[in-house]
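Sequence lines set the chain letters: A, B, ... in the order given, protein chains first and strands last, and positions in each chain run from 1.
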Amino acid sequence: MSEPRHKSIDEQLAYIHKGAAEIIPETELRAKLEQSAKSGKPLRVYLGVDPTAPDLHLGHTVVLRKLKHFQDMGHTAIFLIGDFSAMIGDPTGQSETRPPLSREQVDANAQTYLAQVYKILDPEKTEVRYNSEWLGKMSSYDVVRLCGHYRLARMLEREDFRSRLEKNLPISVHELLYPLLTACDAVELKSDVELGATEQKFNILVHREIQREYGLSPQVVFTMPILVGLDGAKKMSKSLGNYVGINEPPKDMFGKLMSISDDLMWSYYELLTDFAPPVIVRLKEEVRTGVLHPMDAKMQLAHTIIANFHGEAAARSARDEFQRVFRDRQSPEDAPVRKLPRGAPKRLSALLVELNLAPSRAEAERLIKQGGVEIDGQRVDDVKHEIDLSRPGSRFLLRAGKKKFLRIIVD
RNA sequence: GGACGGGUGGGUGAGUGGCUAAAACCAGCAGACUGUAAAUCUGCCGCUCCUUGCGGGCUACGGAGGUUCGAAUCCUCCCCCGUCCA
């Protein structure tokens, strides 16, 4: 471990502050930073995740990026994989007990998870832990003791529980255990700061209190806002389909990012880029006064985010491609290629389903009828249209809807 | 354990024997307009077959049986959720 080059406390705080939703208590963070500077002992900062959704999207990166900020300043970033707590599942309103993940599943998930996380964090400097390490060893006696440290009334203060009680929705007892068990992580890790999205605030606060119960110096609660998804309304999530995956091809990322609303772009600037706050303010002002076209601001945003994950060159080519296809209305240069076996003519609608461009024949036909399908730039709205698959080597460009292109080659 | 209320399409939620593939709203999709933005307008929105027609078939209102020419709607049993009482 090389000696970290500490910035001044004020500089650190300013850097850390960007995008933060809440820091509780703020004064304690400063005190801890000062203490750390004095003793040369880095702060222990952790982020806990359930390894249940191994495909990361930009929403996950908000908090990861914050963890990286701490790491960049020489503090210890701890990435905690909640392999044990995942089987309880964080209360979500429809919570069910999930079957425990097998060791193999956990390992596999953790590997794909980490591979993605390391696109942001420095693998050399990241401490990775699994909470089955200690939670798996607890006896029921330990659990009872743990529960003794917290009151039901406090537990029911949680917004999610309260609203479910009000709405007469079910709350399972095991859900109450989630914040308590994960508190053991904070105790075990002796963390100074715990990061999380705002929806984790309650849990992290419980962790803080339990740490105190166990005689530790309580951690600082550090929350980041939830990233709003592409629809501009709901939280970014895979199930809502309003997400940008960090492993997606640069071109897809570009298209998706360009489709966000102008208003939303600013929170993306704040939460997904390292642009300094004053720079963002200036951009915003330029757009407001008409000096900068909002689309150009958005392109810069998309470019910056993509460069983070795929590098500068890929970002640039995604941008060029975007302009070619959507501004200049030319066909995409490198649409994904699909080979089809030679054979009898096939209905276009059947082909769309076969190629996963439509979920069902009915929808494929609808798409065609409504003029959403093009072959080599020509709209095809005849439901009965058949595709000739008899000549080997023949090729055409198929477009289904706004964004989906496939280059078809007959084998 | 008892009393009562409830379980409808991706979501909210109408519907109490046929006119209901099931109102309405939201979400979603396509087209127009654009900056592949937002807003707006138009259309679509269970699956499937073909002769693409206000066409045929199949599946669908927690589950399983039953009554009926006909059931999301009535009956029986079961499962699940909530409230109150203990």
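- The partner of B:A14 is absent, by the rule that a Watson-Crick or G-U pair needs both atom distances under 3.5 Å.
- For A:F222 and A:F70, the gap between ring centers is short of 6.0 Å.
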Review point. In B/S/- notation, 5' to 3', how is nucleotides 46-62 of chain B contacted by protein heavy atoms closer than 4.0 Å?
Key: -SSS-SB----------

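- When the P atom is compared between B:C47 and B:A23, the two are found 15 Å apart, to the nearest whole Å.
- Comparing B:C50 with B:C58, their C1' atoms are spaced 15 Å from each other, to the whole Å.
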Please list, one pair per line, the donor and acceptor atoms closer than 3.5 Å that link side chains of residues 350-360 of chain A to other protein atoms, with sequence neighbours excluded.
residue, atom, partner, partner atom, Å
A:E354, OE1, A:K346, NZ, 2.8
A:S360, OG, A:E363, N, 3.2

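- When rounded to the nearest whole Å, the span between NE2 of A:H293 and C1' of B:U36 equals 13 Å.
- Computed from coordinates, the A:Q300 CD to B:G35 C1' distance equals 16 Å when rounded to whole Å.
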Practice item. Give the intermediate values and the outcome of side-chain hydrogen bond (donor to acceptor under 3.5 Å, both in side chains) for residues A:D274 and A:H69. Key: CA-CA 10 Å; A:D274 280 329; A:H69 289 167; 3.2 Å; yes

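- Nucleotides B:G7 and B:U12, compared at atom C1', are 14 Å apart to the nearest Å.
- For the pair A:R158 and A:F161, the distance from NZ or CZ to the six-membered ring centre is under 6.0 Å and the angle to the ring normal is within 45 degrees.
- With rounding to whole Å, A:F322 atom CZ is found 12 Å from B:U34 atom C1'.
- Contact check of residues 397-408 of chain A against RNA chain B (heavy atom, cut-off under 4.0 Å) returns A:G401, A:K402, A:K403.
- A salt bridge links A:D262 with A:K298: at least one charged nitrogen is closer than 4.0 Å to a carboxylate oxygen.
- Using C1' as the reference atom, B:G53 and B:U68 are 33 Å apart when rounded to the nearest Å.
- Taking CG of A:L64 as the start and CG of A:L58 as the end, the distance is 11.0 Å to the nearest 0.5 Å.
- When rounded to the nearest whole Å, the span between CZ of A:F254 and P of B:G35 equals 16 Å.
- Nucleotide B:G31 has B:C41 as its partner under the Watson-Crick or G-U criteria, with both atom distances under 3.5 Å.
- At a threshold of 4.0 Å, the pair A:D10-A:R30 counts as salt-bridged, since one of the basic side-chain nitrogens sits closer than that to a carboxylate oxygen.
- Nucleotides B:G70 and B:G11 are separated by 31 Å at their P atoms, to the nearest Å.
- Nucleotide B:G10 holds its C1' atom 17 Å from the NZ atom of A:K238, rounded to whole Å.
- For A:G371 and A:D231, each mapped to the nucleotide of RNA chain B holding its nearest heavy atom, the one lying further toward the 5' end belongs to A:D231.
- In terms of heavy atoms, A:I24 sits closest to A:K201 at CD1-CE, 3.9 Å.
- Within the 4.5 Å cutoff, no side-chain heavy atoms of A:I81 are placed close to those of A:N109.
- Scanning for side-chain hydrogen bond (donor to acceptor under 3.5 Å, both in side chains) contacts around A:S349 gives A:R361, with sequence neighbours left out.
- Residue A:D263 contributes atom CG, which lies 15 Å from atom P of B:A37 at whole-angstrom precision.
- Among the atoms of the strands shown, base atoms are found under 4.0 Å from some heavy atom of A:G255.
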Review point. Can you list the steps and then say if A:T61 with A:L227 is a side chain to side chain contact (heavy atoms under 4.5 Å, CB included)?
Key: CA-CA 9 Å; A:T61 69; A:L227 189 71; 6.0 Å; no

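- Here the closest non-hydrogen pair linking A:T304 and A:Q300 is OG1-O, 2.7 Å.
- Taking atom P on both nucleotides, B:G5 is separated from B:G43 by 43 Å, rounded to a whole Å.
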Practice item. Let me see the working for A:K256 and A:E248 under side chain to side chain contact (heavy atoms under 4.5 Å, CB included), right down to the final yes or no. Key: CA-CA 10 Å; A:K256 285 186 175 184; A:E248 288 189 61; 3.1 Å; yes

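- Looking at heavy atoms from C-beta onward, A:V221 lies out of side-chain contact with A:E22 at the 4.5 angstrom threshold.
- B:G57 sits 29 Å from B:U8 when the P atoms are compared, rounded to a whole Å.
- Nucleotides B:C61 and B:G10 have their C1' atoms positioned 15 Å apart, rounded to a whole Å.
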Under 3.5 Å, which protein N or O atoms sit close to an N or O of nucleotides 2-8 of chain B? Give each pair with its distance.
none

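- When both distances must be under 3.5 Å, the Watson-Crick or G-U wobble mate of B:U73 does not exist.
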Atom pairs, N/O to N/O, protein against nucleotides 38-42 of chain B, distance under 3.5 Å?
none

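- The pair A:E157-A:R162 does not count as a salt bridge, with every side-chain nitrogen at least 4.0 angstrom from each carboxylate oxygen.
- Interface remark: the A:Q370 side chain does form a donor-acceptor pair with the B:G43 base, using a distance-only criterion of under 3.5 Å.
- Note: A:Y269 and A:F275 have perpendicular aromatic rings, judged against thresholds of 30 and 60 degrees for the angle between ring planes.
- Nucleotide B:G1 is matched to B:C85 when pairs are restricted to Watson-Crick or G-U wobble geometry with both distances under 3.5 angstrom.
- Spacing between atom CE of A:M258 and atom P of B:U34 amounts to 17 Å, rounded to whole angstrom units.
- The NZ-P distance, from A:K234 to B:U12, rounds to 12 Å in whole Å.
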